[in-house]
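Read the structure below first, then the notes.
In this text the structure is predicted, and so the values were computed from the model without any measurement.
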Amino acid sequence: VQLQASGGGLVQAGGSLSLSCAASGRTMVDYAMGWFRQAPGKEREFVAAISFSGLTTYYADAVKGRFTVSRDNAKKMVFLRMNSLKPEDTAVYYCAAQETYGLAFNRAADSARYGFWGQGTLVTVSS
C-alpha cells in the first residue's frame, strides 16, 4: 500500500482544515487507517484512527471533539477534518495503514503497529 497525504497549509487559530490521504495498491478494506503528527522537536504522536469498516473511530484526547476521521474505501481515501485548530496542532501530519487481521484495530495508537506510511503534510496554525 502506498499512501500520500495532502491538504496541509497555514490556518489561523480557530480555523479549520481538511487533510486527505490517498491510497494505491491493495484494497484498503483490509487496513485500519491512522493519522499521526510530529511537531518540531517532539516525537510522533497518535491523532486518530478508523477501522477498516469505518464504523469504529478512536481519537487522542488532545483532538477529541475537534477532529473527525472518515474514509471512503471505494475511492481509497481517508480524511481528517480538523476544526477549532490551535497553535499546538502545528505539526507534520502523517497517514498510516495497519493490517488488523479481522479486528477493528491492532493497537491503534501504537505507531509501530502501522506498516505503511505516507510522506506527511505540514499544518501550521498561527495564533
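- With sequence neighbours left out, F46 forms a ring-ring contact (aromatic ring centres under 6.0 Å, His included) with F36, Y58.
- In terms of hydrophobic clustering, with Ile, Leu, Val, Met, Phe, Trp and Tyr side chains grouped at heavy-atom distances under 4.5 Å, M77 and W117 are assigned to different clusters.
- Of all the heavy atoms in A32 and F105, the pair that sits closest is CB-CD2, 3.8 Å.
- Taken to the nearest 0.5 Å, the OG atom of S70 stands 11.5 Å off from the CE atom of M33.
- Counting non-hydrogen atoms of other residues, nucleotides and ligands closer than 6.0 Å to NZ of K64 gives a total above 12.
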Name the atoms and distances for all side-chain donor-acceptor pairs under 3.5 Å in residues 90-99, with sequence neighbours left out.
unit_1 : atom_1 : unit_2 : atom_2 : d
T90    : OG1    : P87    : O      : 2.9
T90    : OG1    : V125   : N      : 2.9
T90    : OG1    : V125   : O      : 3.4
Y93    : OH     : R37    : NH1    : 2.9
Y93    : OH     : D89    : O      : 2.6
Q98    : OE1    : N106   : N      : 2.7
Q98    : NE2    : N106   : O      : 3.0

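- Shown here are the ring-ring contact (aromatic ring centres under 6.0 Å, His included) partners of Y59, two or more places apart in sequence or in another chain: there are none.
- The side-chain heavy atoms of V123 and L17, taken from C-beta on, include a pair separated by under 4.5 Å.
- Using a 4.5 Å cut-off on side-chain heavy atoms (C-beta onward), V11 and T124 make no contact.
- Y31 places none of its side-chain heavy atoms less than 4.5 Å from the side chain of T100.
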Show me the side-chain donor-acceptor pairs of residues 1-9 shorter than 3.5 Å, one per line, residues at least two apart or across chains.
unit_1 : atom_1 : unit_2 : atom_2 : d
Q2     : OE1    : S24    : OG     : 3.3

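- By the criterion of side-chain heavy atoms lying less than 4.5 angstrom apart, applied directly or through intervening Ile, Leu, Val, Met, Phe, Trp or Tyr residues, Y114 is not grouped with L80; the two fall into different hydrophobic clusters.
- Side-chain contact annotation: S18 with R81, donor-acceptor N/O pair under 3.5 Å present.
- The distance from the CZ atom of R44 to the OG atom of S111 is 7.0 Å, given to the nearest 0.5 Å.
- A donor-acceptor pair under 3.5 Å is absent between the side-chain atoms of N73 and the main chain of K76, judged by distance alone.
- Using a 4.5 Å heavy-atom threshold, the side chains of F67 and N83 count as separate.
- Note on residues 107-127: pairs passing salt bridge (charged side-chain N to carboxylate O under 4.0 Å, His left out), not counting sequence neighbours, are D110-R113.
- Membership of an apolar cluster is not assigned to L55, as no side-chain contact below 4.5 Å to another ILVMFWY residue is traced.
- Atom OG1 of T121 is separated from atom CG of L19 by 6.0 Å, given to the nearest 0.5 angstrom.
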